[in-house]
2 protein chains.
Amino acid sequence: MSDRDTHQRRAIRNAFREAGRPLSPVEVLAAASVDVPNLGTATIYRTVKSLVEAGWLIPVALPGEPPRYELAGKDHHHHFHCRACGKLFELEGCPEGLRQLTPPGFHLDAHEVVLYGQCAECA
Amino acid sequence: MSDRDTHQRRAIRNAFREAGRPLSPVEVLAAASVDVPNLGTATIYRTVKSLVEAGWLIPVALPGEPPRYELAGKDHHHHFHCRACGKLFELEGCPEGLRQLTPPGFHLDAHEVVLYGQCAECA
DNA sequence: GTCGTTGCAAAGCGTTTGCAGCCTA
DNA sequence: TAGGCTGCAAACGCTTTGCAACGAC
């Protein structure tokens with residue numbers, strides 16, 4: 001139940017700190033395996049899950065994409081997905097009128113917005 | 001390669017017409033099984049895939065969820081995902097200010113908006 | 001020494017594919 | 001009748017779980 005500071009967990013947290021972008025489980029495995037050989041996939045999933053529950057990581061799920069995770073502590077934001085380079089960019093602000101789209105009787109508690117196109121570099 | 005009008009395919013197309021909302025493969029199976037007992041999951045996937053390629057269905061991918069499909073030819077719209085029953089509902093309209101979120105130099109060509117909460121039935 | 005944590009492998013889950021028999025055209 | 005279509009089951013890729021050994025405290 002407690003939170004032991006193991007070699008594996010240190011390597012996994014480190015992978016996220018050094019990445020500076022959302023990582024998928026396989027990417028975490030690749031990065032953390034450098035420090036910890038024989039690192040198992042189960043450990044990745046278990047550790048990532050606990051880090052999400054602990055509020056240290058935030059899940060970043062894009063439509064049709066495998067789930068990724070990024071460091072918590074950022075302001076509410078959305079993402080811009082460049083079709084050309086595949087990079088994910090953070091956006092500031094939030095669109096208006098989301099509440100007005102909600103049908104009568106429905107209870108809105110969260111939303112997800114993803115913009116697609118080309119980033120400044122690829123355009 | 002041709003497109004034979006089988007009992008199974010008729011039932012599957014019918015399921016989408018009657019649903020009025022995006023359906024996942026399992027939901028299609030449940031609906032179409034009423035007309036065609038012993039309907040296999042493989043048939044669902046194969047038929048849905050061909051219907052998408054034929055432009056009769058549109059894939060609706062939302063973050064962290066299995067893909068769903070809806071009838072093609074509808075106006076631009078977004079979706080509401082009920083956390084309680086897991087159903088996906090169609091919304092009318094589109095939020096304002098999406099373009100303003102786009103950083104300078106970026107080229108916006110599409111967007112995805114998903115609202116989360118509880119539907120009228122579950123609330 | 002305890003007991004949470006790990007690695008391995010097996011089990012799940014949703015989706016795809018192989019194959020023999022079925023059925024539409 | 002021919003060849004696409006279907007159902008069954010095995011195969012797959014990704015994620016979760018069971019379990020005995022390991023190691024942080």
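Lettering of chains follows the sequences in order, A, B, ..., and the numbering in each one begins at 1.
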Please, which pairs that meet side-chain hydrogen bond (donor to acceptor under 3.5 Å, both in side chains) have at least one residue in residues 19-28 of chain B, sequence neighbours excluded? B:Arg21-B:Glu27, B:Ser24-B:Glu27
Lys/Arg N to Asp/Glu carboxylate O, B:Lys74 vs B:Glu90, below 4.0 Å: yes
Atom pair distance, as rounded to whole Å: CG in B:Asp3 and P in D:dC5: 7 Å
Pairs in or reaching into residues 31-52 of chain A: which pass salt bridge (Lys or Arg N to Asp or Glu O under 4.0 Å), with residues at least two apart or in two chains? none
Listed once per pair and sorted, the side-chain hydrogen bond (donor to acceptor under 3.5 Å, both in side chains) pairs that draw on residues 96-114 of chain A, sequence neighbours left out: A:His76-A:His111, A:His78-A:His111, A:Asp109-B:Arg83
Hey, does B:Pro67 reach any base, or is it just sugar-phosphate, or nothing, if we go heavy atoms under 4.0 Å? sugar-phosphate
Partners meeting side chain to side chain contact (heavy atoms under 4.5 Å, CB included) with A:Val52 (sequence neighbours left out): A:Val48, A:Leu57, A:Pro59, A:Tyr69
Expressed in angstrom and rounded to an integer, what is the separation of A:Arg68 atom CZ from D:dC14 atom C1'? 15 Å
Mind calculating the distance between CG (B:Leu29) and P (D:dT6) to the nearest angstrom? 13 Å
Hey, what are the protein-to-nucleotides 19-24 of chain C N/O distances that come in under 3.5 Å?
{"residue": "C:dT24", "atom": "O2", "partner": "B:Arg4", "partner atom": "NH1", "Å": "3.1"}

5' precedence on DNA chain C between B:Lys49 and A:Ala42 (nearest-nucleotide basis): A:Ala42
Protein-nucleotide distance (A:Asp35, atom CG; C:dT6, atom P), rounded to Å: 14 Å
Compare side-chain N and O positions of B:Gln8 against OP1 and OP2 of D:dG7 and report whether any pair is under 4.0 Å apart. yes
Can you check the A:Leu39 CG to C:dT6 P distance for me, whole Å? 9 Å
Atom CG of A:Leu51 and atom P of C:dT5 are separated, to the nearest Å, by 11 Å
Listed by chain and number, what are the side chain to side chain contact (heavy atoms under 4.5 Å, CB included) partners of B:Ala84, not counting sequence neighbours? B:Cys82, B:Gln118, B:Cys122
